[in-house]
Amino acid sequence: MSYDLSSANAFNPEITINSGQMFLWEKLNDTWYGTYGDHILKLSPDPSVSFNNDSGKTDNELNIIRKIRFESYPEIRNWPTLVFRLDDDISKILSDISTDALMARTVRRGYGLRIMRQEPCQCIVSFVCSSNTSITMIRKMLRNLSKKFGRRLNLDGRDFFTFPSIKSLNKADINELRSCGVGYRAKAIKAVAKSIVEHEIEFSALSNVSYYEAKSALLKIYGIGNKIADCILLFSLEKLEAFPIDIWIARALERHYKWVYCTNDSNVNLQPDCGLSSFQYRHISEKMRQYFGKYSGYAQQYLYYYMRETENLKW
DNA sequence: GTACAGGCAGTAT
DNA sequence: ATACTGCCTGTA
């Protein structure tokens with residue numbers, strides 16, 4: 001199974017699914033299958049599909065949904081718009097973030113890439129699992145968790161597993177979690193599950209407060225630091241200004257955007273391939289947020305995609 | 001065999 | 001504020 005960019009693009013140039021954060025999506029033959037919490041989503045090419053309820057949809061939306069057959073099990077209403085953020089004015093956003101030649105080029109090369117909305121519980125657990133490991137391993141951990149704690153769903157003659165409920169993860173024994181290959185992250189999974197079940201954090205509330213407020217709430221949870229918090233905010237809590245900085249973005253910034261975050265009044269230096277201190281992270285991500293504006297998260301996604309692509313990684 | 005992978009928390013200075 | 005450390009585990 002290949003997860004390179006060309007195969008993602010070959011399916012449909014209008015939408016690119018980035019396996020770098022959509023950990024539980026996979027392509028079988030011409031069809032994509034993905035986990036959205038308690039649901040399995042399916043995309044297949046279908047030029048003949050027609051909609052009788054096109055009213056109120058943008059041209060952009062229509063272009064996309066007319067080319068693909070969308071299915072969900074159990075059914076969710078109108079999920080393509082929800083999941084692929086077709087409610088975003090993508091052309092405005094892209095012109096908004098294209099503030100320099102590099103970003104303009106990066107956006108052109110990543111044509112079709114979108115931020116996808118993730119189910120919040122799945123998102124938070126997924127990124128808690130992402131620390132200090134490879135995408136291959138993250139996918140394995142999440143698949144193992146789904147097999148053990150999720151619900152089996154047979155689709156097209158194949159077994160799929162929905163994402164575990166947060167309650168089941170909260171009740172799970174720490175060793176059961178570890179048996180899924182998550183290692184020391186088991187403790188963090190428990191901490192996250194507990195804080196959700198006991199209403200220490202409420203996703204609906206966090207979606208409606210400012211980026212900074214929501215972030216400080218997430219940072220209180222064991223296992224969630226700056227980077228993981230920003231991913232959760234961007235992918236499931238409607239904070240498009242979040243600008244997660246991982247090692248790939250750090251390299252890109254160090255090479256191309258030093259002039260934005262390294263000014264006279266703020267002498268923050270990034271060592272190549274060296275982790276960011278909490279202070280450096282906050283400083284640099286704030287500068288980048290000011291530079292790219294309220295859709296900084298989109299800029300981050302295109303930059304990330306571009307970096308991975310130029311390194312020719314196999315995901 | 002061993003370095004590595006999309007961070008984080010804990011400790012010492 | 002910064003420097004440094006250990007951490008599970010499969011893959012290359």
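By convention in this document, chain letters (A, B, ...) are assigned in the order of the sequence lines, proteins followed by strands, and residues within each chain are numbered from 1. Quick caveat: nothing in here was measured; it's all calculated off a predicted structure. The figures here come from the full heavy-atom set of this structure, side chains too, leaving out hydrogens, waters and symmetry mates.
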Chemist: Pick base, sugar-phosphate or nothing for A:Tyr184, based on heavy-atom distances below 4.0 Å to the nucleic acid.
Modeler: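 Result for A:Tyr184 = base.
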
Chemist: Need one value for A:Ile224: base, sugar-phosphate or nothing, where a base atom within 4.0 Å counts as base even if backbone is also close, heavy atoms only.
Modeler: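 Contact class for A:Ile224: sugar-phosphate only.
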
Chemist: Calculate the interatomic distance between A:Leu218 atom CG and B:dC8 atom C1'; express it in whole Å.
Modeler: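 Atom CG in A:Leu218 sits about 15 Å away from atom C1' in B:dC8.
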
Chemist: Could you check which of B:dG7, B:dG10, C:dT2 has an atom nearest any side-chain atom of A:Phe279?
Modeler: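 The listed nucleotide nearest to A:Phe279's side chain is C:dT2.
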
Chemist: Check the side chains of A:Asn154 and A:Tyr73 for a donor-acceptor pair under 3.5 angstrom, ignoring hydrogens and angles.
Modeler: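 Per modelled atom types, A:Tyr73 and A:Asn154 side chains form no pair under 3.5 Å.
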
Chemist: Could you tell me the separation between the CD1 atom of A:Ile284 and the P atom of B:dG7, rounded to a whole number of Å?
Modeler: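 Taking atom P of B:dG7 as the reference, CD1 of A:Ile284 is at 15 Å.
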
Chemist: Which atoms of nucleotides 9-11 of chain C (N or O only) lie under 3.5 Å from a protein N or O atom, and what are those distances?
Modeler:
residue : atom : partner  : partner atom : Å
C:dT11  : OP1  : A:Lys140 : NZ           : 3.0

Chemist: Is it the case that the ring center of A:Trp32 lies less than 6.0 angstrom away from the ring center of A:Phe70?
Modeler: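 So the answer is no for these two rings.
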
Chemist: A:Arg282 has an atom CZ; how far is it from atom C1' of B:dG7, in whole Å?
Modeler: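 That distance rounds to 15 Å.
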
Chemist: Taking the six-membered ring for Trp and the full ring for Phe, Tyr or His, determine whether the centres of A:Phe243 and A:Tyr291 are under 6.0 Å apart.
Modeler: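 For A:Phe243 and A:Tyr291, the ring centres are not under 6.0 Å apart.
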
Chemist: Can you measure from CG (A:Asp38) to OG (A:Ser165) and round to the nearest 0.5 angstrom?
Modeler: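 Atom-to-atom, A:Asp38:CG and A:Ser165:OG are 8.0 Å apart.
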
Chemist: Under a cut-off of 3.5 Å for both distances of each Watson-Crick or G-U pair, what dot-bracket string does DNA chain B give, using [ ] for crossing pairs and | for inter-strand pairs?
Modeler: .||||.|||||||

Chemist: Could you tell me whether A:Glu26 and A:Arg158 make a salt bridge, using a distance below 4.0 angstrom between a side-chain N and a carboxylate O?
Modeler: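 Yes, this pair counts.
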
Chemist: Have a look at A:Phe127 and say if it touches a base, only the backbone sugar-phosphate, or nothing, with a 4.0 Å heavy-atom cut-off.
Modeler: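 Answer is nothing: A:Phe127 stays at 4.0 Å or more from every strand.
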
Chemist: Name the orientation class of the two ring planes belonging to A:Phe84 and A:Trp79 (parallel below 30°, tilted from 30 to 60°, perpendicular beyond 60°).
Modeler: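 Because their plane-to-plane angle lies in the 30° to 60° range, the rings of A:Phe84 and A:Trp79 count as tilted.
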
Chemist: From the options A:Tyr281, A:Tyr261, A:Tyr212, select the one residue that forms a side chain to side chain donor-acceptor pair (under 3.5 Å) with A:Glu286.
Modeler: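 That would be A:Tyr212.
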
Chemist: Can you check the A:Ile135 CD1 to B:dG7 P distance for me, whole Å?
Modeler: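 So the CD1-P distance, A:Ile135 to B:dG7, works out to 10 Å.
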
Chemist: Ring centroids only, cut at 6.0 angstrom: are A:Phe292 and A:Tyr257 within range, meaning strictly under it?
Modeler: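 Ring-ring flag for A:Phe292/A:Tyr257: true, centres closer than 6.0 Å.
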
Chemist: In whole angstroms, how far is the C1' atom of C:dC8 from the CE atom of A:Met141?
Modeler: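 Spelled out: CE on A:Met141 to C1' on C:dC8 is 8 Å.
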
Chemist: Would you kindly say whether A:Asp88 and A:Tyr298 are connected by a side-chain donor-acceptor distance under 3.5 Å?
Modeler: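 A pair is found: one side chain offers a donor N or O, the other an acceptor, under 3.5 Å apart.
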
Chemist: Roughly how many Å is it from CD1 in A:Ile174 to P in C:dC8, rounded to a whole number?
Modeler: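 The answer, rounded to whole Å, is 11 Å.
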
Chemist: Please say whether the positively charged group of A:Arg282, taken as NZ for Lys or CZ for Arg, lies over the ring of A:Phe279, i.e. under 6.0 angstrom from the six-membered ring centre and within 45 degrees of the axis.
Modeler: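 A:Arg282 over A:Phe279 ring: no.
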
Chemist: Rounding to an integer number of angstrom, what distance separates C:dC8 and B:dT11 when you compare their P atoms?
Modeler: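 Straight-line distance between the two P atoms is 15 Å.
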
Chemist: What is the distance, to the nearest angstrom, from the CD1 atom on A:Ile228 to the C1' atom on B:dG7?
Modeler: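 In whole Å, B:dG7 C1' and A:Ile228 CD1 are 6 Å from each other.
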
Chemist: By nearest nucleotide on DNA chain B, pick out whichever of A:Cys231 and A:Lys187 is the more 5' one.
Modeler: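 Its nearest nucleotide being more 5', the pick is A:Cys231.
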
Chemist: Between atom CZ in A:Arg251 and atom C1' in B:dA5, what is the gap in whole Å?
Modeler: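 Value for this atom pair: 10 Å.
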
Chemist: So A:Ile221, base contact, sugar-phosphate only, or nothing? Heavy-atom distance under 4.0 Å.
Modeler: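 A:Ile221: backbone/sugar contact only, no base atoms under 4.0 Å.
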
